[in-house]
Amino acid sequence: MNAGELKIVFAGPMGAGKTTAIRALSDIEPVSTEVGNTDLASHSKQLTTVALDYGHLQLDDGNVVKLYGTPGQSRFAFMWDILCAGAIGIVLLVDASRDDALDDFRAFVDTLRRIARDQPLIVGVGRPTSADGSHLAPFQAHLASQGIVAPVFGVDARERADVLLLVETLLCVLEARVEEKTRAVN
Amino acid sequence: MSRGQAQKAEAAGGVVAGQRRIALVGAPSGAADERGEHAMRLLDTMLWVLKGTTRDAWSKAEPDDADIIVIHRGDEPTRTAAWRSRGKLIVEIAREGETGGADDNVLTYPFPAKRVLELLEKLSGKLDDSSPAPAVSAAPAPVARATISDTDRWALPEALRTVRSVRNDNLWLVARDGADPVLWLRGDGSAYFATDAFVRTLHADGSLTTRLELRDGYPPPKTRVAERPAGEFFWFAGFNAGDGLAPWLDSRQSFRITAWPDFGVIRPDAAVLRAVALLQVQSLDVGALAARARVTHAVAARILNALSLCEVLVAGEARASRGEARLTEPRGGFSGFLRRLRTHLGLGVEA
């Protein structure tokens, strides 16, 4: 991987659905470096990604969009810098049902602000804990407190339509930024 | 009067809350313009949404029976003078930019619910000073209602704005489609309850929210209906109210968003996503939004109305632009790349 490639990064803590989301989009069977989870105290899933997930989209004009999933555990945070550099956008997935979901979210946002400050950011919150949508509020509030305006949608990463909604929104934000930049130049 | 109201009133100054009557009087011979009539309907809505939050219980009445009479500024001086001579307090509805008036009992449109609340409390105090405390009425206040018709498309959005502004968690609002209750909205504007069939219709039928009749009511049944995020209902009520900008929005003003509605629930089409994304990045008026998002003026207005009702739209310039992301330029440029990527993902080609 390098900073000169077209890529969308799926970030988020362990179990948030990054591998599933990439599988929903990729033209190829995603390459996952999953191993047995030795941190069952943090999450009960049996397999987890230790380096990255990889998939891609091969467009008919020769462009290839690479899809990367970051490892979820914070001890692999050094990988995030490498993966996020030059990404056309970042989809941050969150599992709202986890006790430490907000702490995880804060940590990811803080890191992404540092390493990918200007890339479009889309947040997908899965496993809702309320029917009235109030489980989104703490995540929205944290973004607001950081002066960040970004979409925060309730989604189910197992549903392709939900993953597509996140990607479509990312493309719209990217398009809006490109248009703003073009107007500023002209 | 509820026990809570009485306790609140006693805590406020030892005065037991009473039943107050207020008359909303239309302009003579329909002299008020549409905006004036709209302002009066807004006040009507606020009166019932504020129920339970004021020291006194306010109910609507005819002018002869009322303690307070609300008129349009410029109403006939003779009848206004006659009401004053009988000890009735007069409140004027004025429009922005209008000046004058004998006292500060003026509501200048657009007025927030907080201003109405303050005025009602002040008027309660004046009535206490001018007459013996009224007897506590055991009779329930008449049910006030906001009815939606083709000519009153903004009543529901205005009612919802008031609900959000007041956040009265003692209240339940019930929406009816014809005679049948179909939706229950918490008075704090946080959630609504409806059947799955209603929610499907809400998403598919653009005229549904214009047919709904909303009134103060009772909690939802324990079965058949499910709790939903209120933002979903607010979005569709705003989006489907009409093709023009909402009365509280100014077409000369530029707008931007402070947050996104939960489109995971609302599921808008690509044009809406494109427009809202523009408002994340730039501050645009309705005409510029239509041009940049490649939608009609009517759709741009609907999007702004919906965002406003979801309380994520603010007027004013966009914040200072952030640094430029170092993005890899696709072969053939971004426009073609985005179009091909959408096609590849089956998202459809943009307009």
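Convention: sequence-line order gives letters A, B, ...; per-chain numbering from 1. Computed from a prediction, not measured in an experiment: that's the story for all the values here.
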Side-chain touch A/Pro151/B/Gln280, heavy atoms, less than 4.5 angstrom: yes
Derivation and outcome, salt bridge (charged side-chain N to carboxylate O under 4.0 Å, His left out), residues A/Glu159 and B/Arg267: CA-CA 14 Å; A/Glu159 297 292 331; B/Arg267 300 288 166 162; over 6 Å; no
Side chain proximity check, B/Leu341 to A/Asn63, heavy atoms < 4.5 angstrom: no
A/Leu171, part contacting chain B, at a heavy-atom distance under 4.5 Å: both
Options A/Val152, A/Leu165, A/Leu25, A/Asp60, ranked by heavy-atom pairs under 4.5 Å with chain B, top entry: A/Leu165
Any A/Glu168 side-chain heavy atom under 4.5 Å of B/Leu345 side chain: no
Working for side-chain contact (heavy atoms from CB on, under 4.5 Å), residues A/Val178 and B/Phe337: CA-CA 12 Å; A/Val178 170; B/Phe337 164 69; over 6 Å; no
Among A/Leu174, A/Leu143, A/Val125, residue most engaged with chain B (heavy-atom pairs, under 4.5 Å): A/Leu174
Partner chain B: residue of A/Gly133, A/Ala144, A/Ala150, A/Ala161 with the largest heavy-atom pair count (under 4.5 Å): A/Ala150
Atom of B/Ala277, atom of A/Ala176 and distance for their closest heavy-atom approach: O-CB, 3.7 Å
Region of A/Asp61 that comes under 4.5 Å of a non-hydrogen atom in chain B: both
Contacting region of B/Phe334 [heavy-atom separation from chain A under 4.5 Å]: side chain
Structural part of A/Val173 lying under 4.5 Å from a heavy atom of chain B: both
Segment of B/Ile257 engaging chain A (4.5 angstrom heavy-atom cut-off): both
Sidechain N-carboxylate O distance under 4.0 Å for B/Arg274, A/Glu179: no
Heavy-atom contact with chain B under 4.5 Å, split by part of A/Val167: side chain
Separation between CZ of B/Arg331 and CG of A/Leu6, rounded to the nearest 0.5 Å: 9.0 Å
Spatial distance of atom CZ (B/Arg339) from atom CD (A/Glu175) [nearest 0.5 Å]: 10.0 Å
Geometric class of the A/Phe153/B/Trp260 ring pair [parallel <30°, tilted 30-60°, perpendicular >60°]: perpendicular
Part of A/Asp156 within contact of chain B (heavy atom distance under 4.5 Å): neither
Closest-packed option against chain A by number of heavy-atom pairs under 4.5 Å, given B/Glu329, B/His344, B/Arg186, B/Glu232: B/His344
Donor-acceptor pair, side chain of A/Asp132 and main chain of B/Ser190, under 3.5 angstrom: no
